[in-house]
**Q** 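Below are the structure tokens for one structure; questions will follow.
The structure displayed is predicted, hence computed values, not measured ones. Every number for a ligand or one of its atoms is a count from 1 in the order of the listing.
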Amino acid sequence: MTATAAKPKPVPTSFPKERIKILLLEGVHKRGEDILRAEGFHVETHAKALEGDALLRAVADAHVLGIRSKTTVTREVLAAAPRLLTIGCFCIGTNQVDTREACGRGVPVFNSPFSNTRSVAELTVAEVIALHRGLVDKSVGLHRGDWDKSASGAHEIRGRTIGIVGYGHIGSQVSVLAEAMGMRVLFHDVTPKLALGNARQVRSLGELLAESDVVTLHVPATKQTENLIGRAQIAQMRPGAFLINNARGSVVDLDALADSLRAGRVAGAALDVFPVEPAGKGDIFASPVQGMKNVILTPHIGGSTEEAQESIAVDVVGKLARFVNNGSTTGAVNVPEVDLPEQVRSDGEIEHRTHRILHFHRNVPGVLGHINAITAELGVNVNAQYLRTNEQIGYVVLDVDPSDAPSLDDRLRTVPDTVRVRALW
Ligand code: NAI
């Protein structure tokens, strides 16, 4: 007969979760809030962005700050938040945060670069069909009362060739969807990529442009991709081909595109991104391609779906909770990434929770030596040690026996160039 295993006692934690204040601004998707509350954190939410004194007051006792793109986290805001452990940007970019200053304070910043990949890919596929059928123009015409049943210029996409420029997260999803609809898929990327399905990587952008019925762009905005599609490249496209840009506005020379559309060489285009985009609702949008019936214009909504917002919330909340709970910085944009295991050590059949000390320090010579000298002097039994650095800071994590943790925690706080120490038990 086997003895019934004793129910494990709840592990006392170094800092109770209900005292960890998580401040979520700008109407972060409710799913994120729900997950954090279910974990036992104290969550406060604001529907709008905060600024000025209101923001400084709100962050004064926050341990975690969650924002979208409209809250600016400056050096001053960070200085006003002495307890801040981490920041989550529930969006793609992190320009709104002084990430360098946050790094210097040992505050990891997380974002969600790929949660809206599918949304952009689906919009692209919709546009491939819409362009081939003149859908938007037909709809606008009928709203005006024009009944135009003509098949002229309308095509099935089955059997036609799509050329994908940039075969990363979005480009490869477009590839799968386009092939499922019967298209021949070519792609061009600066790095060799595993072709999905029957897709084929071509040797050059020129080759892709010459062979594609529709060219779709999915490259990042870099110096190398600025005007990647200019007058010369447009001239290399097949007469009657379509162009889709759902990547970044800097990638296409719009004056050159407008000339080609007017000349009837490029048959149509779909554009979601522009070199200059209005800051918000009510600001005027102007572009050389406005007013052309074969051009679909959308206001940078490629990734804007409710599913993407929810998946951003789940992704960022997961990264924040993991850092708070176990110190992992995987996915952080500004501090060294350390992917940590659970704090468990097995001695035969018995599992112990190890105590973990997280130590951020300025990346100068000698800090690790100092830490190791202290563990040796105290006779600490180190179960595991992790270290990663970037040019600004170093991040050392020590898993130690519970009996050793308090004295080690105290001493590590005295190490010169220490930025922040946190203990998890
Ligand atoms: P990713 O980083 O996964 O993929 C980009 C790919 O482009 C990589 O495979 C890279 O090797 C390749 N690449 C870089 N330079 C190139 C060049 N000169 N020529 C050919 N290939 C090149 O990026 P992801 O997530 O697929 O995003 C692609 C673009 O979509 C980005 O510009 C991003 O900002 C944009 N985007 C737009 C959204 C919208 O709302 N319209 C939403 C999300 C992303």
Side-chain angles (χ1 to χ4, degrees), residues 68-69 89-96 111-128 130 162-178 185-196 199-212 215-230 232-234 236-237 243-254 269-278 280 285 287 295-312 315-316 331 333:
R68 290 172 67 189
S69 53
C89 296
F90 288 74
C91 50
I92 312 296
T94 54
N95 292 345
Q96 68 280 38
N111 65 340
S112 188
F114 305 120
S115 294
N116 58 9
T117 294
R118 185 68 179 197
S119 302
V120 184
E122 288 190 10
L123 178 71
T124 304
V125 164
E127 289 169 342
V128 170
I162 185 168
I164 300 170
V165 183
Y167 205 67
H169 288 81
I170 297 171
S172 56
Q173 287 274 322
V174 170
S175 170
V176 170
L177 295 172
V185 181
L186 304 178
F187 69 90
H188 165 65
D189 201 292
V190 279
T191 56
K193 295 276 173 170
L194 176 70
L196 301 176
R200 182 165 65 85
Q201 181 157 15
V202 294
R203 277 183 304 268
S204 68
L205 177 60
E207 190 181 331
L208 177 138
L209 296 172
E211 280 200 46
S212 302
V215 173
T216 184
L217 308 173
H218 302 288
V219 292
T222 61
K223 204 126 197 61
Q224 292 71 41
T225 62
E226 202 175 318
N227 285 337
L228 185 70
I229 304 297
Q233 291 71 28
I234 288 171
Q236 286 177 287
M237 287 173 68
L243 179 69
I244 299 176
N245 184 14
N246 291 336
R248 281 293 176 261
S250 55
V251 178
V252 177
D253 175 349
L254 284 188
L271 305 169
D272 187 46
V273 288
F274 305 90
V276 181
E277 295 181 3
F285 169 74
S287 167
V295 176
I296 300 173
L297 298 178
T298 47
H300 204 145
I301 47 139
S304 306
T305 62
E306 292 188 14
E307 287 77 9
Q309 286 307 316
E310 180 172 348
S311 102
I312 286 172
D315 183 34
V316 177
V333 300

**Q** What protein heavy atom lies closest to atom 35 (C) of ligand 1? Include the residue and the distance to one decimal.
**A** A247 O, 3.5 Å
**Q** Of the protein's non-hydrogen atoms, which lies at the shortest distance from atom 13 (N) of ligand 1, and what is that distance?
**A** V190 CG2, 3.7 Å
**Q** Can you tell me the protein heavy atom closest to atom 37 (C) of ligand 1 and the distance?
**A** N246 O, 3.2 Å
**Q** Relative to ligand 1, is Y167 under 4.0 angstrom through side chain, backbone, both or neither, heavy atoms considered?
**A** backbone
**Q** Please say whether T225 places an N or O atom under 3.5 Å from an N or O atom belonging to ligand 1.
**A** no
**Q** Given side-chain contact (heavy atoms from CB on, under 4.5 Å), test Q224 with V190 step by step and report yes or no.
**A** CA-CA 10 Å; Q224 292 71 41; V190 279; over 6 Å; no
**Q** Closest approach of V273 and A247, non-hydrogen atoms and distance?
**A** CG1-O, 3.5 Å
**Q** Which residues pass the side chain to side chain contact (heavy atoms under 4.5 Å, CB included) test with V165, sequence neighbours left out?
**A** H188, L205, L208, V215, L217, V219, L228
**Q** With nothing but distance in play, are any N or O atoms of G303 less than 3.5 Å from an N or O of ligand 1?
**A** yes
**Q** Name all residues meeting the side chain to side chain contact (heavy atoms under 4.5 Å, CB included) criterion together with T305; count only those two or more places apart in sequence or in a different chain, and write none if there are none.
**A** S119, E307, A308
**Q** Looking only at side-chain N and O atoms, does T94 offer a donor or acceptor that is under 3.5 Å from a partner on N111?
**A** no
**Q** Would you kindly specify which portion of D189 sits under 4.0 Å from ligand 1, judged on non-hydrogen atoms: side chain, backbone, both or neither?
**A** both
**Q** What distance separates T191 OG1 from Y167 OH, expressed to the nearest 0.5 Å?
**A** 12.0 Å
**Q** Among all protein non-hydrogen atoms, which one is nearest to atom 28 (C) of ligand 1, and what is the separation to 0.1 Å?
**A** H218 O, 3.3 Å
**Q** Short N/O distance, under 3.5 Å, between N116 and ligand 1?
**A** no
**Q** Would you confirm whether any non-hydrogen atom of the protein falls under 4.0 Å from atom 2 (O) of ligand 1?
**A** no
**Q** Taking N or O atoms only and a 3.5 Å limit, does L228 qualify as a polar contact for ligand 1?
**A** no
**Q** Please identify which atoms of ligand 1 are closer than 4.0 Å to at least one heavy atom of F114.
**A** 3 (O), 25 (O)
**Q** Relative to each other, are the rings of F285 and F274 parallel, tilted or perpendicular (30° and 60° limits)?
**A** perpendicular
**Q** Within ligand 1, which atoms have a heavy atom of T191 less than 4.0 Å away?
**A** 11 (O)
**Q** Does V128 form a side-chain contact (heavy atoms from CB on, under 4.5 Å) with T216? I'd like the steps, not just the answer.
**A** CA-CA 9 Å; V128 170; T216 184; 5.8 Å; no
**Q** Could you list which atoms of ligand 1 come closer than 4.0 Å to a heavy atom of R248?
**A** 32 (O), 34 (O), 35 (C), 36 (N), 37 (C)
**Q** With distance as the sole test, does Q233 use its side chain to make a donor-acceptor pair with the main-chain N or O of L209 at under 3.5 Å?
**A** no
**Q** Note the single closest protein heavy atom to atom 42 (C) of ligand 1, along with its residue, its atom name and the distance in Å.
**A** V120 CG2, 3.4 Å
**Q** Which residue owns the protein heavy atom closest to atom 32 (O) of ligand 1, what's the atom, and how far is it?
**A** V219 O, 2.6 Å
**Q** Atom 14 (C) of ligand 1: which protein heavy atom is closest, and how many Å away?
**A** P220 CD, 3.4 Å
**Q** Checking side-chain contact (heavy atoms from CB on, under 4.5 Å) for the pair S311/R118: CA distance, chi angles, key distance, verdict?
**A** CA-CA 11 Å; S311 102; R118 185 68 179 197; over 6 Å; no
**Q** Using a 4.0 Å cutoff against the non-hydrogen atoms of K193, which atoms of ligand 1 qualify?
**A** 9 (O)
**Q** Considering all heavy atoms of both residues, which atom of Q236 and which atom of G206 are nearest to each other, and what is their separation?
**A** NE2-CA, 3.5 Å
**Q** Which heavy atom of A121 sits nearest a heavy atom of L177, and at what distance?
**A** CB-CD1, 4.1 Å
**Q** Note the single closest protein heavy atom to atom 26 (O) of ligand 1, along with its residue, its atom name and the distance in Å.
**A** I170 N, 2.9 Å
**Q** State, to 0.1 Å, how close L196 and S175 come at their nearest heavy-atom pair, and which atoms those are.
**A** O-OG, 4.2 Å
**Q** Could you tell me, atom by atom, which parts of ligand 1 come under 4.0 Å of a heavy atom of H300?
**A** 39 (C), 40 (O), 41 (N)
**Q** What part of D272, side chain, backbone, both or neither, has a heavy atom within less than 4.0 angstrom of ligand 1?
**A** side chain
**Q** Kindly indicate whether atom 9 (O) of ligand 1 is approached by any protein heavy atom to under 4.0 angstrom.
**A** yes
